[in-house]
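The structure appears below as C-alpha cells.
Convention: sequence-line order gives letters A, B, ...; per-chain numbering from 1.
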Amino acid sequence: MASQPPPIGARQSPLYRAFGDRIFLAALLLFGLIVIGIVILMGWQLAAGGSQAFAQFGLLGFLGGVTWDPVADIYGAWPFIIGTLITSLAAIVLAFFPAIAVAIYAVEYAPRWLGSILQYALELLAALPSVIYGLWGLLVLAPILRSQQQSIVTWALENQQDWLLAILGPPIGFGMTTAVIVLAVMVIPYAASLAKDSIALVPGAQREAAYALGATKWEVIKNAVLPYAKGGILAGIILGFTRALGETMAVVMVIGNNNNLPFTLFGSATTIPASIINEFGEAMDLKLSALLALGFVLFIMSGLMNLLAAWIVKRMSVEGRL
Amino acid sequence: MTPPSSIASVIPKGGNLRIRRVWNSVMLVLLVLGSIVVVSPLIAVLGAVLVNGLATINWAFLTQEFRPVTEGGGGVWHAIVGTLLMNLLALLIGGLLGFAGGVLLSEYPDHPINPYLRTISDLLNGLPALLKGLVIYAIIVLPTGMFSGYAGALALAIILTPIVLRATEGVLQLVPWSVREAGLALGLPRWRVIISLVIPAATAGVVTGLMLGFARAAGEAAPLYFTAGGSQFLNFNLGQQTESLALTIFKYANEPSVLRQEQAWGAALILTIMVLIASLLARWATRKYN
Amino acid sequence: MNEQKPYSVSLPTGQSETKLTLAEGLRPRMETRGLSVYYGKKMGVRNVSMPIYANTVTALIGPSGCGKTTFLRALNRMHDLTPIARIEGEALLDGQNIYAPGVDAVEIRRKIGMVFQKPNPFPTLTIYDNVAAGLKLMGVRRRDVLDEAVERSLTQAVLWDEVKDRLRAPGMSLSGGQQQRLCIARALTVQPEVLLMDEPTSALDPISTQSIEDLLTELKKHVTIAIVTHNMQQAGRVSDFTGYFLLGDLIEFGPTNQLFTNPKDAHTEAYITGRFG
C-alpha cells in the first residue's frame, strides 16, 4: 500500500486549505455585499440629493405640489407622478390581453417552427433598446397619429362638442396617446416573453390530465395551463408595468414634455423619467435637488412594484402554495 | 355503494359539446387576432429600422467621425468606438460582480446572505436604468465636475451586474452536485473544486449571461446622458466625455435636420445588429452548453 | 365495498373462480384491428389486434420501450396531441372506430378516461374541484348533482373516508398514493366506459400500490380497465387478461393465468420468468 500515490491535496497543509476556502468565500461575499451596497447607495444618494427639495417644500408639499416653475424656484412633483402613473397604467392595460394572447398562441397553438420564431422574436424585441422604440414613435408613429387626431378634433369642432374638445386636447401628435402606444408596443414583448416562459413551464402531465377528462384545447388552457402559470404571468405584467414606469428615452421623445395640469388625451404631458432628462441640462442647486428627489420617488415606486412582483411569483406559484 | 346513475341524466340535455367546440374556435380566433395585434407594430418598428437604416449606412457612415451637417454630416465611428469601449469596461466590472454573486448563490446555497442578495439583485435589475445613471452622476460626475467614459461604464456596469448574476447562478446550478462531490472526494478544497471543476463546466453559460447583459447595456441611452455626457470626437480615452450609439440616436432624432434623422435610423440599425448578434451569441452558447 | 381480493398469491397459479366465470360470456368493449403508431418515420407500435373485454382488467406488459404505453395512449387518441404521431388501423369502442372521420376526440376521451404514471392533480384546485372538474367541463352546474358525483367517485376510488372532512383542501396536500386515487376519482366522475392506466403505481410506495391494486378489482364492476405495468406480479395479481409487447409487436395475448403459467411464445416465457427484460 505504501507504493500508492498520495491523494491529491494531501501535500497541502490543512492551514492552506482552510485559508483558501476562507479567502475565496470572503472575496465572493465582498462582491455580493457590493451588489447589495449599490442598491442601498442608490436609495441613499437619491434621498440625500433630494433632501434639499424635501426640506424646502416638505415631503407632502413636494409630492402634492402641482407647480413646477424653475423661474420662481418652486418645485412640485404631482404632475410628474400622475403623468407617470397614467401612461404606465394605460400602457399595461393596452398590453395585457395581446401580450398574454401571443404568449399562449406561441406556446400552445403555433406549429413548432412558427412558435420558436415567435418566441425568439419576442425575446429579441424585449431586448431592443428603448431609444429605438422612441425613434420610431417620434418619426413614424407621431406624424400618423397627428393626422388622425386632427381629423377627430376637426369633427368635434364642427359638431361643437366642447366637452370632448376639453378631453381631447391639442392634436399635435406628441403627447399622452403617443407615449402610451409606444410604451405598450415596448412592454408587450417584455411581458409576453415572461408569460410564455411560465406557460412553457407548465408540465405536460397537467395538460394531459385535462385532455383525458375530455376537455377541448381551450378548456385545457383555461383549466390546466393558465391556473398553473398565473403567478408568472401576473408577475410578468407587473414587471412590464414597472418597466413602463421607469422608461425614459422612448417617452421623452414622444410625450411633448409639458408639466401643466390638467393633461389631455392627445395633448402633451410628462413623466418623472422624462422630466429628469428634459430638465437636467440646466439644473443647479434647488432644481437639481428637486430632480434627484423625483428620482427618489421613482426609486420607491419602481422598487415597491418589483418587490410586489417577486412576492406574487413566490406566493402564487404552484410550488410556493404548499 | 351507490349504483352509478347514468351520466346522461346529469349533463345538460343534448350535450354541450357543440357549444364548447364553438368556444374553442372563438378563443383560437381571438388568440390569433391578439398575436397579430402584437406582431404588426413590432414588424413596423423593425421594418422601419431596417429600411431607413439600410438607406443610410455606407462605408463613410461607419468609418467617419462627427461632422457638421453642412459638411455632409460625417458618420458614427466615434459612437461605435465609445459604445464598445464603455461596454467592454462595464462587462469587466459588472461581469466580475455578477459572476461572483452568482457563484455565491449557487455554490454556497445555505449562506445567510443569499436570500437578500437574490432579492436585491432582482430589485436592481428592475430599477430604471435612468436612476443608475443618476446615482453615478451624484457620486462621481458631480464631485469631479466632469462627464467621462469611466462614469458611463460604471453606470452600464450596474445595469449589467444583476443580469450576469442571475444567469451565472442559473447555469452553475445546472452542473450536477455529483461533480462537486467527486472533486471533494478527491480531497480538493472547496474553492479548487469550484474554480477547476464547476466553473469550466459552465463556461458557455457564463458567456450567455455576459451577452445578455451586453445586449441590455449597449442600448441604454438615459444613464449615459448623465455620465458619459456624449461627444462629437473620436477618442479612445474613457477619461474624457464619450459618445454612444444610443445617445447619438436620441440626439439626432430630435434634430430638425432630415440628414440627422436619417443618421439616427442608421445608428439604430447598427445598434439593433449589435443587440441581435449579442443575443444570438447568448443563444448559441446556451445551445452549445446543453 | 372493502371486500378482500379473491386471490392474494403473487403468481396466479391457483386461480379464483371469479376469473373463470368471467371467461364465459365475454364481450369486447374495445378492440384494435391492425393498429400501428408511427412517430415520424419511427414505428412505435406495429399492427396490433387485440380485444379489451368489458368489465375486466387487461394488463399490458413488456420491457421498457416495447410500445405498451404508446399502444395505451392510442386507445383514447392522446397521440392527437403529438404532431409527429400518426395512427394506422382501427381502434373500436363498442364497435365504432374512434379514428373514423367525424368522430370527436374530445367525446372519445370523455368515454375513455386515463390515469397517468405520476399523480397529476390540478395543483390550484381543491380536492372537491379536482374531482368535479370533468363534470364542470360538461356543463354540470347543479350543486347537489356535483356533490353526489364527487362523493360517488371518491368512494369508488376508496378515498372518501380519508378526505370527506377536508374536501376544500388543495389536492396537492394529499400524499402520493392519495393523489393517485384522487386522479382515479377525477377520471371516474365523468363515468368513462374504459379507464386506461399508465403504470399508475410506478411512482408510489408499496402500501399505496396495494391500495390501488385492491381498488382495481372493485372498479372493474363499473368500468373496463386497461393497465400498463412494469411489474409482472402486479399484472398477475390484478388482471384477467394480459398482452405481452416486445419491440412494438404484440407477441402474445390471453387470459392472465394461461399466459403466466403456460405461455405459447418463448419470448413471453423468458420475460415472465425473469430471464429477460
Fill in the blank from the handout: When rounded to the nearest 0.5 Å, the distance separating CG of Leu33(A) from CG of Leu117(B) is 8.5 Å

Practice task
Would you give the length of the straight line joining atom CG of Leu245(A) to atom CG of Leu130(B), rounded to the nearest 0.5 angstrom?
Solution key: 12.0 Å

Problem - Region of Ile194(B) that comes under 4.5 Å of a non-hydrogen atom in chain A - result: side chain

Problem - Heavy-atom closest contact (Asn306(A) atom, Leu127(B) atom, distance) - result: ND2-N, 3.9 Å

Completion exercise
For residues 160-168 of chain B against chain A, heavy atoms under 4.5 Å, the residues are Thr161(B), Leu165(B)

Practice task
Please look at Glu123(A) and chain B and tell me whether the side chain, the backbone, both or neither of the residue comes under 4.5 angstrom of a heavy atom of that chain.
Solution key: side chain

Problem - Under 4.5 Å from any heavy atom of chain A - which part of Asn254(B) - result: both

Handout entry: Heavy-atom proximity to chain B below 4.5 Å, by part of Ile38(A)
Key = side chain

Practice task
Tell me, for Leu239(A) versus chain B, whether the close heavy atoms (under 4.5 Å) come from the side chain, the backbone, both or neither.
Solution key: neither

Problem - For the student: nearest non-hydrogen atoms of Met253(A) and Ala253(B), plus distance - result: CE-CB, 3.5 Å

Practice task
Test side chain to side chain contact (heavy atoms under 4.5 Å, CB included) on Arg192(B) and Phe24(A) and set out the steps.
Solution key: CA-CA 9 Å; Arg192(B) 282 297 311 236; Phe24(A) 186 69; over 6 Å; no

Completion exercise
So, the part of Val140(A) with a heavy atom under 4.5 Å from chain B: the answer is side chain

Exercise for the section: Could you tell me the separation between the CG atom of Leu41(A) and the CD1 atom of Ile158(B), rounded to the nearest 0.5 Å? Expected result: 7.5 Å

Practice task
Name the region of Ile195(B), side chain, backbone, both or neither, that has any atom closer than 4.5 Å to a heavy atom of chain A.
Solution key: side chain

Practice task
Test side chain to side chain contact (heavy atoms under 4.5 Å, CB included) on Leu307(A) and Thr119(B) and set out the steps.
Solution key: CA-CA 8 Å; Leu307(A) 293 176; Thr119(B) 310; 3.9 Å; yes

Handout entry: Residue Phe299(A) versus chain B: region with a heavy atom under 4.5 Å
Key = both

Practice task
Quick one: sort the Phe280(A) and Tyr137(B) rings into parallel, tilted or perpendicular, breaks at 30° and 60°.
Solution key: perpendicular

Practice task
Start with the C-alpha gap between Leu135(A) and Gln261(B), add the side-chain angles, then the distance that decides, and say whether side chain to side chain contact (heavy atoms under 4.5 Å, CB included) holds.
Solution key: CA-CA 9 Å; Leu135(A) 177 68; Gln261(B) 293 182 358; over 6 Å; no

Completion exercise
Closest non-hydrogen atoms of Leu134(B) and Leu46(A), given as atom of the first, atom of the second and distance, are CD2-CD2, 3.9 Å

Completion exercise
So, the part of Ala127(A) with a heavy atom under 4.5 Å from chain B: the answer is both

Handout entry: Trace of the side chain to side chain donor-acceptor pair (under 3.5 Å) decision for Tyr225(B) with Thr248(A)
Key = CA-CA 11 Å; Tyr225(B) 191 80; Thr248(A) 313; over 6 Å; no

Between side-chain atoms of residues 31-47 of chain B and protein atoms elsewhere (two or more places apart, or another chain), which donor-acceptor pairs fall under 3.5 Å?
unit_1   : atom_1 : unit_2   : atom_2 : d
Ser35(B) : OG     : Leu31(B) : O      : 2.9
Ser40(B) : OG     : Ile36(B) : O      : 2.6

Exercise for the section: Side chain from CB out, backbone as N, CA, C, O: work out which of these in Phe250(B) comes under 4.5 Å of a heavy atom of chain A, or both, or neither. Expected result: both

Exercise for the section: Under 4.5 Å heavy-atom distance to chain A, tell me which part of Ser25(B) shows up: side chain, backbone, both or neither. Expected result: neither

Problem - Point-to-point distance, once rounded to the nearest 0.5 Å, from OH of Tyr105(A) to CE of Met27(B) - result: 14.0 Å

Exercise for the section: Could you tell me which portion of Ala99(A) (side chain, backbone, both or neither) has an atom closer than 4.5 angstrom to a non-hydrogen atom of chain B? Expected result: backbone

Fill in the blank from the handout: Note: Ala268(B) and Ile132(A) closest approach over all heavy atoms is O-CD1, 3.5 Å

Exercise for the section: Could you tell me which portion of Ile277(A) (side chain, backbone, both or neither) has an atom closer than 4.5 angstrom to a non-hydrogen atom of chain B? Expected result: both

Practice task
Would you please test Ile276(A) and Phe226(B) for side chain to side chain contact (heavy atoms under 4.5 Å, CB included) and show each step?
Solution key: CA-CA 10 Å; Ile276(A) 292 179; Phe226(B) 311 107; 3.7 Å; yes

Handout entry: Expected output: side-chain Asn24(B) to main-chain Thr216(A) donor-acceptor under 3.5 Å
Key = no

Fill in the blank from the handout: When the 4.5 angstrom heavy-atom criterion is applied to Ala222(B) and chain A, the contacting part is both

